[in-house]
Each structure stands twice: as structure tokens, then as C-alpha cells.
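Side chains included, hydrogens not; waters and symmetry mates left out as well; all remaining heavy atoms used. Order of appearance sets the numbers: ligands from 1, and atoms from 1 within every ligand.
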Amino acid sequence: MAGGNAGAAARLFLAALLAVLVAGDDPYRFFTWTVTYGDIYPLGVKQQGILINNQFPGPQIEAVTNDNLIINVHNNLTEPFLLSWSGLQQRRNSFEDGVAGTTCPIPPGANFTYILQAKDQIGTYYYFPSLAFHKAAGGFGGIRVLSRPQIPVPFPPPAADYTVLIGDWYKGNHKDLRNVLDSGKMLGFPDGLLINGRSNGYTFTVQPGKTYRFRITNVGLANSLNIRFQGHTMKLVEVEGSHTMQSTYSSLDVHLGQSYSVLVTADQPGFDYAIVVSTRFTSKIISSTAVMRYANSAGKAPGPLPGGPTIQIDWSLNQARSIRWNLTASGPRPNPQGSYHYGLVPVKRTITLANSAGIINGKQRYAVNRVSYVNPDTPLKLADYYKIPGVFNVGSISDNPSSGGAYLQTSVMGANYRDYVEIVFQNDENEVQSWHIDGYAFWVVGMDGGKWSPASRQGYNLRDGVSRYTVQVYPNSWTAIYMPLDNVGMWNVRSEHWARQYLGQQFYLRVWTPSTSWRDEFPIPKNALLCGRAAGRRTRPL
Ligand SMILES: *[C@@H]1O[C@H](CO)[C@@H](O)[C@H](O)[C@H]1NC(C)=O
Ligand SMILES: *[C@@H]1O[C@H](CO)[C@@H](O)[C@H](O)[C@H]1NC(C)=O
Ligand SMILES: *[C@@H]1O[C@H](CO)[C@@H](O)[C@H](O)[C@H]1NC(C)=O
């Protein structure tokens, strides 16, 4: 009975929270998650993993456009912990974003209830632990946001919808990996690749003749990966919330933090077919396999495993350019995706972001426009909300690269709500990059080798580029995006290469308006944790 009372009290507490923040009509989905350490053996040796409700990878979140997701996270680790929601835009609500710059960590033994909404979104996303290199131990899982029933989806319902979390993996404990980075050294090459937490044998069962959706996300730490299905092709249907022109691929590059949905039809003789994942652009190549097993399988499919591309960059660039938005298909709303003409909106501001590696105080660091980000003692969003001085300065990172060495700084770029910006990612390093922007999706308008210049705009795709939330930048190349700044808040812009992110290749974009209307930004959640110099403040006037 005590449990029942506690449950009732918790529900009351939530109801009080919800009454204030959440739009009344949209359905709620409740999750109670406990985060613990637990033994896992993904590469055959025992490791300390981070489990959610005893699962590695964590449980999947399934939602429909506009659903409210109420996720109570109990931190049973011995370290502070946060989850972040890659691609879920947290509209008007960066407080819930779950990164160090927006949200106080959940202390060991405590719990925190995230109040999220999949507002105006469809597609494939994922969550991950954002602090302290926890991602190297697990704590991640898939998120899928389905279309509302009345909105047409541009392909027939698949026989099943499978999540495929791929990523590179180290045998080391995440604390040891973190210590290596803290000591100023880089990590070596990963020890293996995982598919849904296993280095081989994860099995997807299919019925002959049926078509399946596979939602593929690269949740790894350091490497772009390529995926292919033995004896089958993939029809690409969705990229990070955009319905694409349904082109067929025999293999697909998935860069760090990216998500793709493909349809695969079980139209071959009944066998066990390998799903092969391997590293891209590396001199040493590692790979792993899962199994697509026909229900009438006669055993292992004959023939060799399908080979993939290895270091060819042009191949990957051409594939990236072949991915197009389907202008007539619906996205989250009934009107066609193409009714928003992203290429016709005048650009207000161009921001060029150049990544670099450098040694600062004898330690390996990574930077953007020379600034290597350091976390402040108080989340930026809370410092901003409570007007606590001395935590950060708007304008502490420049709009353009400059020459000179990298330096440490809590870098925050200011931007005006409703401006329309062009961002050029310039990669002068010899390593592929993957960039993510929280709170937003953006249109990829171009990518090419060499240095970007204004003349590069002549080659932009201003018609049917896809809108997505993570984009690759090839070695010694550039990628350009267009982004409407329609979401007020403090938003993390980061490398998805996790050691680079950890060692400073990130900053925050403060999208600001003088308005204090809830139509533009929600007030701080009543249950917000307060820490650093915000400790002891009141979350909201009573
Ligand atoms: C969480 O930790 C507490 C002690 O710190 C323990 O009593 C409890 O059983 C743990 N819960 C789970 C689900 O591991
Ligand atoms: C969760 O945390 C709240 C405080 O934010 C606390 O009142 C509540 O008792 C906690 N619930 C559990 C089950 O630990
Ligand atoms: C684009 O979407 C429409 C639905 O509006 C669909 O009928 C068509 O097949 C799609 N085109 C391609 C090339 O995928």
C-alpha cells in the first residue's frame, strides 16, 4: 500500500507539473527509467555498462507527432548523469535539452522528470547520456516519432519497424577512457563495432515477400560507418525527419550521430543474410555483422559477404548529394514538405565554423573558430534565466575563423530569433567531421572539397536538399546549411565525434528575443534542478 501511496503522490506531482506546461489535447506517454551500472559483454569481455531499466542499449521510445513524453529518470550511478534527446527539438524549451549548458545534472541517487514534446516532428531520433563520456558505456536508445493517423506516409506500412543502433566501441571502462582524455591524450582505434549492443549475431526475423523498415542510427564515438545487406538493396525513405526521394542503395554511409530509414524487401530465397557494418575512411577497417533471418531460412546464405567502400571520399560525397527531399510527400503536417521554400528565404547572416586540433597547456584539445569550449560552473541557460553575471559572454566566439592558436573559453554565440542564417562548416583537417545542432533541423544546401567561397553558392541545391539535424563534413572540404532561427533558447552546437566534443569542439548558440511571452519561450520548468550559482533560486514565482 505504501507503494500505491507513493505512486499516487508521484502522479499528483506530475499532474501539477503538467497542468502548467503541456498543451492539453496531445496525448501523454509516461516512462520511468532507472539508470544503473551493470555487466555487459559486447566484445566478449566483461565491462561495466550503463543500463536503463536493465537494458543495453536502453529501451526504445515510440511516439506520435505532438505526443508529450514524460520521462522520470532515476540516477542510480555513482556519478551525476543527464540524458539528451538528439533531434527532438524541445521547442521553446531548451531547459529540457539535457546537456551541460542547459540542464543541471541529476545527482547520484536522485531522479528528474523530463517533460518533452515531439512537437511537429516525425522521424528517427535517439537519446544518449551527454556528460562525462558516459556514452562510451551505453545509456543510449532509439526514438521514433510516427505520423499522426490522418497524415499520409509516402510508402505502405512496413511489416515491422526495426531499430538498428550501430557504432564503434571500446573495451575500456568509460572512466578510464575519460581519464585518458583528461590527461591530454587521444584515444586509440576502437576495439570493435556493435549492432544493437552486439558485435555479431543480433537477429532480425523477416517473412518472405514482406517489406521491413530499418531505422539505422550511428550512436558510436569516433567513426563514420557503412551498412549493407547481403543479397538485398535498401530503399531510402527517411533521413532525420525528412521523407526522401526513394532511391535504392546497395550500401549506405552513416556518419556519427546520423539516422536513416530504409525499406528492405525479403524477396530472396530463404536464408540467413548478413547485415554488415564497417568503418569508413580508416586505413584499418573493422566490421561486424547482424543477421536478417527469413522465417523459412535454410541456413547461412551462400556467397561472400558484401564488400563496402573503404576510403573513397568521392563515392560518399556523391551518395550524400543523391539524397533528396521528396517535395510532394507530407512530413509532420498534411501539406507537402516542399511547400516551405527554404531556398527562397533571404539569408540574414553567414557564419563560418572551422574545426581545429591543438595543444593547450600541454594537452590535446579541439576547437571551433579557435575556441575550445569549457563547461562553466553553472548551466548557461540557468545563468541566462537568473541573469547571473560572469558565467558567459555573448559573442565569446567569432562568426568567422581567424588565424592563431586555440584557447579555452566558455563560448556562446548570440543570434536573433527569426533570423535566417547560412552556416558553413569548413573542415581543413584530414579527418571527416560530423556536426549536430540541438533545437533545430536545417537544410543541407551544399558540400564540396576545398575552401568554401561566396562563389560556392552557385552550386547550392536550393530546391530539394533534405532537412536534418546532423551533417558530415568531408576531410579538407566544406558543408553549407540554411537554418531558420525559429526556436528561442540556448542550443548546443557540437561535434558528434565524442572525444572531440568532450575536448572542446562545441559551443552554444543563444537564440534570443526581448519578448518574454510563453509563445516564444516557456518559463523554467517548476521541477528544474538548480546547481552551481543557480542553487537555491526559486524555479518560478508562486
Ligand atoms: C538504486 O540504488 C539504491 C541504493 O543506492 C538501491 O537501494 C536500489 O535498489 C537501486 N535500484 C535499482 C533499480 O538498482
Ligand atoms: C523523485 O524526486 C523528487 C524530487 O524531485 C522526490 O520528491 C521524489 O520522492 C523522488 N521519487 C523517487 C521515487 O525517488
Ligand atoms: C514522393 O512522395 C509521393 C507521395 O506524395 C510518392 O507518391 C512518390 O512515390 C514519392 N517519390 C519518390 C521518388 O519517392
Side-chain angles (χ1 to χ4, degrees), residues 1-18 20-21 30-36 52-53 70-78 80-83 95-96 98 103-115 122-123 147-158 211 213 233-239 241-249 252 260-265 319 321-340 382 461 463-467 524-531 534-540:
M1 285 302 102
N5 284 338
R11 275 193 294 277
L12 251 162
F13 170 72
L14 279 177
L17 281 175
L18 295 173
V20 186
L21 255 191
F30 294 91
F31 302 83
T32 304
W33 284 359
T34 302
V35 183
T36 56
I52 297 180
N53 291 356
I70 314 301
I71 307 175
N72 187 1
V73 178
H74 295 259
N75 177 13
N76 247 39
L77 308 182
T78 52
F81 182 81
L82 272 182
L83 287 174
F95 293 106
E96 304 282 0
T103 315
C104 292
I106 310 170
N111 75 88
F112 173 68
T113 301
Y114 288 91
I115 302 169
I122 54 158
S147 298
R148 285 172 288 164
Q150 66 272 31
I151 309 239
V153 174
F155 48 90
T211 297
R213 181 174 187 164
T233 55
M234 299 173 274
K235 191 193 267 187
L236 184 69
V237 293
E238 182 248 343
V239 174
S242 286
H243 282 138
T244 60
M245 297 302 274
Q246 294 169 14
S247 304
T248 297
Y249 298 91
L252 194 62
Y260 293 85
S261 285
V262 298
L263 300 181
V264 177
T265 298
Q319 179 171 84
R321 286 182 177 147
S322 75
I323 297 173
R324 298 295 172 99
W325 220 20
N326 183 336
L327 300 177
T328 63
S330 298
R333 293 185 210 90
N335 56 328
Q337 293 178 139
S339 49
Y340 185 81
L382 299 186
N461 176 357
R463 193 172 163 272
D464 61 358
V466 285
S467 161
I524 191 166
K526 276 199 166 175
N527 66 332
L529 299 169
L530 299 176
C531 58
R537 304 278 180 137
R538 289 223 313 247
T539 52
R540 208 143 359 119

Per the salt bridge (charged side-chain N to carboxylate O under 4.0 Å, His left out) rule, what does the pair list look like for residues 323-333, sequence neighbours excluded?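 For residues 323-333, and leaving out neighbouring residues, the salt bridge (charged side-chain N to carboxylate O under 4.0 Å, His left out) pairs sorted by first residue read Asp120-Arg333, Arg324-Asp464.
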Name the closest protein heavy atom to [atom], giving the residue it belongs to and the distance to 0.1 Å.
{"atom": "atom 4 (C) of ligand 3", "answer": "Pro154 CB, 3.9 Å"}
{"atom": "atom 14 (O) of ligand 3", "answer": "Gln246 N, 2.9 Å"}
{"atom": "atom 13 (C) of ligand 3", "answer": "Met245 CE, 3.5 Å"}

Please check if the side chain of Gln246 supplies one atom and the backbone of Pro154 the other of a donor-acceptor pair under 3.5 Å.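 Yes; at least one donor-acceptor contact below 3.5 Å.
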Dump the intermediate steps for side chain to side chain donor-acceptor pair (under 3.5 Å) on Ser322 and Tyr249, then the final yes or no.
CA-CA 10 Å; Ser322 75; Tyr249 298 91; 2.7 Å; yes
| message | What I want to check is whether the side chains of Tyr114 and Thr103 have a donor and an acceptor closer together than 3.5 Å. | response |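 Distance-only check fails for Tyr114 and Thr103.
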Which one of Thr34, Asn72, Asn111 has a non-hydrogen atom at the shortest distance from atom 5 (O) of ligand 2?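 When every heavy atom of Thr34, Asn72, Asn111 is considered, Asn111 comes closest to atom 5 (O) of ligand 2.
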### Task
Pick, from Leu236, Asn326, Val237, Thr244, the option with the minimum heavy-atom distance to atom 3 (C) of ligand 3.
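Looking at heavy atoms only, Asn326 sits closest to atom 3 (C) of ligand 3.
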For atom 9 (O) of ligand 3, is some protein heavy-atom partner under 4.0 Å away?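 Looking at atom 9 (O) of ligand 3, one finds that no protein heavy atom lies closer than 4.0 Å.
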Between Met234 and Tyr260, is the side-chain contact (heavy atoms from CB on, under 4.5 Å) condition met? List the steps.
CA-CA 11 Å; Met234 299 173 274; Tyr260 293 85; over 6 Å; no
